[in-house]
Amino acid sequence: LYEAELERAHGQMLEEMQAMEDEKNRAIEEAFSRAQVEMRAVHENLAGVRTNLLTLQPALRTLTNDYNSLKRQVRDFPLLLQETLRSARSEIGQAIEEVNSANRELLRKYRRELQLRKKCHNELVRLKGNIRVFGRVRPITKEDGVGAEAASAVTFDADDDAVLHLSHKGKQVSFELDKVFPPKATQEDVFREVQALVTSCIDGYNVCIFAYGQTGAGKTYTMEGTAANPGINQRALRLLFAEVRGKAADWDYAISVSVAEIYNEALRDLLGKEPQEKLEIKLCPDGSRQLYVPGLTEFRVQSVEDINKVFELGHVNRATECTNLNERSSRSHALLIVTVRGLDRSTGLRTAGKLNLVDLAGSERVGRSGAEGSRLREAQHINKSLSALGDVIYALRSRQGHVPFRNSKLTYLLQDSLSGDSKTLMMVQVSPAEKNSSETLCSLKFAERVRSVELGPVSRKAELGSWPSQEQLE
Ligand code: ADP
Ligand code: MG
């Protein structure tokens with residue numbers, strides 16, 4: 001039994017030992033396979049890391065390269081910048097030089113064109129004659145009255161604006177001038193025809209515009225006009241301002257005006273402090289043979305307000321000088337003298353032109369009607385100075401060697417604006433009324449004779465005879 005028990009216990013022990021052995025083997029196997037799995041995972045990780053490393057290496061290499069080249073560039077940058085700046089500077093300099101030379105060339109061409117324009121302008125004026133004669137017929141007014149006396153004695157030619165016909169004592173007389181303005185012509189129409197003359201004084205020419213005619217024929221209306229409808233004086237100054245402003249980029253201009261009156265052969269300054277003082281006309285002491293009037297006031301004008309002030313002062317002085325302004329103004333010559341001085345800033349060239357706007361004394365024949373005393377003296381002075389003006393224009397147009405400038409104050413004063421390449425316009429004013437027809441005839445005869453003098457070679461002058469005096473004209 002014991003032995004059997006031992007046997008069984010031994011068997012049991014063996015069994016248990018076997019079971020434990022199995023258990024141990026299984027646990028070992030399990031641990032082994034787990035370790036194997038982990039090992040594999042580690043291996044795989046390692047492989048991943050290795051491939052990562054492999055791909056990182058070239059990236060690092062290019063980064064290093066980039067870094068190095070950047071470092072080089074940064075080191076070279078200031079040099080490069082300097083080089084670029086230098087070349088840009090020289091390119092800009094060259095471009096500026098090119099523009100400059102183009103500008104110089106343009107300026108040269110511009111100056112040549114300017115000279116050419118002046119030459120063409122002169123040629124045009126020469127062809128038309130430096131002395132032009134226009135006629136202006138004023139409308140019939142209330143003052144002309146009513147009935148036959150106030151009927152119009154003047155008719156026009158529909159096809160020719162240089163011709164007008166006057167019926168006088170039952171006969172028709174025709175006159176040809178350079179241009180005739182009928183009553184319906186406006187102040188603008190008249191100014192349009194004279195504005196080229198006005199602007200030429202900017203180029204340094206001397207210009208005279210005269211209004212001639214009997215009292216009441218419209219001289220003052222044409223020259224001064226009314227506030228609402230200004231005449232040549234005001235329009236000329238406005239135009240000069242505008243022209244001068246247009247040239248301000250290259251030129252400096254100064255415009256100044258004097259206002260004077262010639263009454264009984266005495267010259268008076270209407271802008272001066274002593275308008276009653278008689279002024280003398282003198283030769284410049286510098287030997288230039290230019291004339292000047294010591295003491296004649298010159299006002300610098302820059303705007304329309306300035307000229308209005310100047311005209312106002314002139315009127316006030318003229319009115320305080322006499323008892324009846326209307327009478328006085330019909331018996332004296334009123335002068336507005338505009339001087340335009342220019343300086344071309346680029347060349348230093350200087351120009352000086354004078355525009356003389358003259359409202360002449362009435363041309364009616366007062367002397368005939370048995371006037372006496374001061375009235376006769378006035379009439380004689382007017383006759384003398386108007387014939388002197390006719391003589392001078394005649395001598396100039398027929399190119400005579402001697403021009404009798406000194407025969408009157410007016411022609412003497414205007415000598416340098418009537419001679420040489422100066423330009424003159426005679427605006428002959430007439431009244432169309434029947435009752436004025438004999439004065440109108442006289443004025444138109446004056447106009448036609450001034451105009452009809454041939455501009456020919458000097459040798460022809462002997463054939464032309466002499467200019468008739470004012471008395472002969474009458
Ligand atoms: P003058 O100065 O020759 O003596 P005015 O200029 O004083 O003559 O003219 C006389 C009158 O005729 C004025 O009342 C003026 O207004 C008028 N008159 C002259 N010309 C014209 C015209 N073209 N249109 C309208 N009215 C005019
Ligand atoms: Mg007048």
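All ligand and atom numbering here is 1-based and tracks the order in the structure.
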Looking only at heavy atoms, the pair that brings Asp157 and Asp159 closest together is OD1-N, 2.9 Å
For Gln187, state whether at least one heavy atom is located under 4.0 Å from any atom of ligand 1.
no
* Asked: Under 3.5 Å, is there a donor-acceptor pair linking the side chains of Glu298 and Ser258?
  -> no
Heavy-atom proximity to atom 2 (O) of ligand 1 ranks first, among Thr220, Asp189, Asp144, for Thr220
>> Any carboxylate oxygen within less than 4.0 angstrom of a Lys/Arg side-chain nitrogen, looking at Lys445 and Glu448?
In response: no
Counting from 1 in the order shown, the ligand 1 atoms closer than 4.0 Å to a non-hydrogen atom of Pro139 are 21 (C), 22 (C), 23 (N), 24 (N), 25 (C)
Distance under 6.0 Å and angle within 45° of ring axis: Lys247 vs Tyr253: no
Worksheet entry | Flag for Ser332-Arg318: side-chain donor and acceptor within less than 3.5 Å | yes
So the atoms of ligand 1 within less than 4.0 Å of a heavy atom of Gly218 turn out to be 1 (P), 3 (O), 5 (P), 6 (O), 8 (O), 9 (O), 19 (C), 20 (N)
Between Asp189 and Arg136, is there a salt bridge with N-O shorter than 4.0 Å?
-> no
Heteroatom N/O/S of Thr220 within less than 2.8 Å of the Mg ion (ligand 2): yes
With no hydrogens and no angle check, do the side chains of Thr222 and Gln429 hold a donor and an acceptor under 3.5 Å apart?
yes
In ligand 1, the atoms that come under 4.0 Å of a heavy atom of Thr215 are 4 (O)
In ligand 1, the atoms that come under 4.0 Å of a heavy atom of Gln214 are 3 (O)
All heavy atoms of Val358 vs all of Met223, minimum pair found to be N-CE, 3.9 Å
Looking only at non-hydrogen atoms, the one of Glu364, Lys219, Met223, Lys184 nearest atom 3 (O) of ligand 1 is Lys219
Do any N/O atoms on Gly216 end up under 3.5 angstrom from N/O atoms on ligand 1?
yes
* Give a yes or no on whether a salt bridge exists between Lys179 and Asp160, defined as a side-chain N under 4.0 angstrom from a carboxylate O. => no
Requested in this report: Please confirm whether Ser330 comes under 4.0 Å of ligand 1, counting heavy atoms of the residue only.
Outcome: no
For the residue pair Ser408 / Thr411, report whether a side-chain donor-acceptor contact shorter than 3.5 Å exists.
yes
Worksheet item: Is atom 20 (N) of ligand 1 in close reach of the protein, with a heavy atom under 4.0 Å away?
Response: yes
In ligand 1, the atoms that come under 4.0 Å of a heavy atom of Arg138 are 12 (O), 19 (C), 20 (N), 21 (C)
### Query
Would you say Gly213 touches ligand 1, if touching means a heavy atom closer than 4.0 Å?
no
Going by the 4.0 angstrom heavy-atom rule, the piece of Arg136 near ligand 1 is side chain
among protein heavy atoms, the one nearest atom 17 (C) of ligand 1 is Thr141 CG2, 4.4 Å
Out of Phe181, Tyr212, Tyr221, the nearest non-hydrogen contact to atom 6 (O) of ligand 1 is supplied by Tyr221
